[in-house]
Amino acid sequence: MALDHEAIYEAYKSEAKPVVSIDDSAGAFDADGNKVELDDTKVAAARKSLDDAAALVAYKSKRTGADGTTDTIYPTIGDQLDNLYKDIVAGTVTTSGAFATAIKATKDKYPKP
């Protein structure tokens, strides 16, 4: 049986005696060597929290190009301001203007998790 070590440590980190070691076959233990009875609901909630946090990091890095994504990332601030200025001068500050379409392309490709 393989235990979700990361989620268990997360779920029990705030306990009076947190989990400090995990053995897949023997279970989880506190600093005194006492076995900690695991609550599957608590571990599942911790897993969801960890997954949500990871998704948010991935979401941010993809939308800014930090993870190496270059196909659809936000334009530089300079390019955004240039597009906005051109839209203002042309009277096209709408959802179909250059500024809005450049931002929308990134938001569409990488929606919030």
Side-chain angles (χ1 to χ4, degrees):
M1 149 178 97
L3 298 173
D4 187 344
H5 293 225
E6 185 181 27
I8 293 168
Y9 286 127
E10 180 67 20
Y12 290 89
K13 71 181 181 185
S14 298
E15 296 292 318
K17 292 191 175 188
V19 169
V20 296
S21 68
I22 301 170
D23 179 299
D24 285 335
S25 60
F29 301 89
D30 66 17
D32 296 331
N34 298 318
K35 185 169 183 172
V36 176
E37 290 300 318
L38 299 176
D39 178 345
D40 290 340
T41 304
K42 190 173 186 175
V43 174
R47 171 49 49 208
K48 180 173 179 353
S49 176
L50 290 167
D51 289 347
D52 290 350
L56 185 58
V57 169
Y59 158 77
K60 287 181 179 179
S61 64
K62 286 178 182 175
R63 287 178 75 161
T64 60
D67 72 344
T69 303
T70 57
D71 58 339
T72 308
I73 58 173
Y74 284 119
T76 65
I77 295 296
D79 287 344
Q80 290 181 43
L81 291 172
D82 188 47
N83 283 338
L84 186 57
Y85 172 76
K86 289 175 182 175
D87 284 349
I88 291 169
V89 170
T92 58
V93 181
T94 65
T95 57
S96 60
F99 174 76
T101 56
I103 301 301
K104 186 173 181 343
T106 301
K107 288 185 177 289
D108 288 349
K109 177 126 184 168
Y110 302 110
K112 284 187 178 181

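In what follows, residues are counted from 1 in the order of the sequence shown.
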Point-to-point distance, once rounded to the nearest 0.5 Å, from CG of Asp82 to CG of Asp87:
9.5 Å
Do Asp30 and Tyr12 come within less than 4.5 Å of each other through their side chains, counting heavy atoms only?
no
Are the side chains of Thr92 and Lys86 in contact, using a 4.5 Å heavy-atom criterion?
no
Identify the two heavy atoms, one from Ala46 and one from Ala7, that lie closest to each other, and give their separation to 0.1 Å.
CB-O, 3.4 Å
Quick one: CG on Asp51 to CG on Leu56, what's the gap to the nearest 0.5 Å?
12.5 Å
Connected hydrophobic set around Ile77, excluding itself, where side chains approach under 4.5 Å:
Leu81
Cluster check Phe29, Leu38: I/L/V/M/F/W/Y, side chain < 4.5 angstrom
no
Just verifying a value: how many Å separate Ile8 CD1 and Arg47 CZ, rounded to the nearest 0.5 Å?
10.0 Å
So, taking the atom named CG in Asn34 and the one named NZ in Lys17, what distance separates them when rounded to the nearest 0.5 Å?
6.0 Å
Table please: side-chain donor-acceptor pairs of residues 93-100 below 3.5 Å, with sequence neighbours left out.
from  : atom 1 : to    : atom 2 : distance (Å)
Thr94 : OG1    : Ser96 : N      : 3.2
Thr94 : OG1    : Ser96 : OG     : 2.9

On a heavy-atom basis, the closest approach of Ala28 and Val19 is CB-CG1, 3.9 Å
Minimum side-chain heavy-atom gap Gln80-Leu84 below 4.5 Å:
no
If hydrophobic clusters are built from ILVMFWY residues whose side chains come within less than 4.5 Å, do Val43 and Ile22 share one?
yes
Around Asp108, counting heavy atoms of other residues, nucleotides and ligands shown, do more than 12 lie under 6.0 Å from its CG?
yes
Test question: given the 4.5 Å side-chain rule for I, L, V, M, F, W and Y, name all other residues clustered with Val89, or answer none.
Tyr85
In terms of heavy-atom contacts, Ala102 and Asn83 come closest through CB-ND2, 4.4 Å
